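Each remark here refers to the structure printed beneath this line.
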Amino acid sequence: AKDRTLVILEAEAESVRTFYRLYLKHRHVRGVRDEAEHLGLRSKTGAIIQAGALYTLLKNPVYVGRIKHKEKTYPGLHPPIVDQKTWDRVQQLLE
């Protein structure tokens, strides 16, 4: 965070975009986890990313430029990392 908004770290943003692309390819979190491990993608701590963490990441509205407060989401001041079309398709598949 900087000046009441989120700052995008491009290397991390690209990893997030990759997770979304992999989910659209595999359509299940286990496939994403396995390919991410093969590609060497890790969590911020350097650990192999687990399925639960991937599911949480894929459901997080911050990546589409929104902020969640309680059960509602609001437009954020930060730009989206993932485009709306990709976000919508992933949410639809996750259901």
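All values below were derived from every heavy atom in this structure, side-chain atoms included, with hydrogens, water molecules and symmetry-related copies excluded. What you see is a predicted model, and the numbers here were worked out from it, not measured in a lab.
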* Decide yes or no for Val82 and Val16: does some side-chain heavy atom of the first lie under 4.5 Å from some side-chain heavy atom of the second? => yes
* Asked: Heavy-atom distance under 4.5 Å between the side chains of Pro61 and Ile67, does that happen here?
  -> no
* Asked: Is a side-chain donor or acceptor of Arg33 paired with a backbone partner of Gln50 at a separation under 3.5 angstrom?
  -> no
* Given side chain to side chain contact (heavy atoms under 4.5 Å, CB included), test Leu58 with Leu94 step by step and report yes or no. => CA-CA 9 Å; Leu58 294 169; Leu94 285 169; 3.9 Å; yes
* To do: Return each pair, listed once, that meets salt bridge (Lys or Arg N to Asp or Glu O under 4.0 Å) where at least one residue sits in residues 35-50; pairs must be two or more places apart or across chains.
  => Glu12-Lys44, Lys25-Glu35
* Asked: With side chains defined as the heavy atoms from C-beta onward, is the minimum distance between Leu22 and Leu39 less than 4.5 Å?
  -> yes
* Structure fact -> Of all heavy-atom pairs linking Tyr20 and Leu57, the shortest is OH-O, 3.2 Å
* Measure the CZ-CD distance between Phe19 and Glu14 for me, rounded to the nearest 0.5 Å. => 11.0 Å
* For the atom pair CG (Leu24) and OG1 (Thr86), what is the distance rounded to the nearest 0.5 Å? -> 6.0 Å
* **Closest non-hydrogen atom pair, Ile8 against Ala13** => CG2-CB, 3.7 Å
* Test salt bridge (charged side-chain N to carboxylate O under 4.0 Å, His left out) applied to Lys70 - qualifying residues, sequence neighbours left out -> none
* To do: Taking the side chain as every heavy atom from C-beta outward, state whether Asp34 and His26 have any atom pair closer than 4.5 Å.
  => no
* Is there side-chain contact between Tyr23 and Leu54, with heavy atoms separated by less than 4.5 Å? -> no
* Asked: Please, which pairs that meet salt bridge (Lys or Arg N to Asp or Glu O under 4.0 Å) have at least one residue in residues 85-95, sequence neighbours excluded?
  -> none
* Asked: Closest heavy-atom contact between Val64 and Gln84?
  -> CG2-OE1, 3.5 Å
* **Nearest-0.5 Å distance that lies between atom CH2 in Trp87 and atom CG in Asn60** => 6.5 Å
* Structure fact -> What one should report as the nearest heavy-atom pair of Ala51 and Val29 is O-CG1, 3.3 Å
* **Euclidean distance, Lys59 NZ relative to Lys68 NZ, rounded to 0.5 Å** => 8.5 Å
* Structure fact -> Rounded to the nearest 0.5 Å, the OH atom of Tyr74 sits from the NE2 atom of His69 at a distance of 6.5 Å
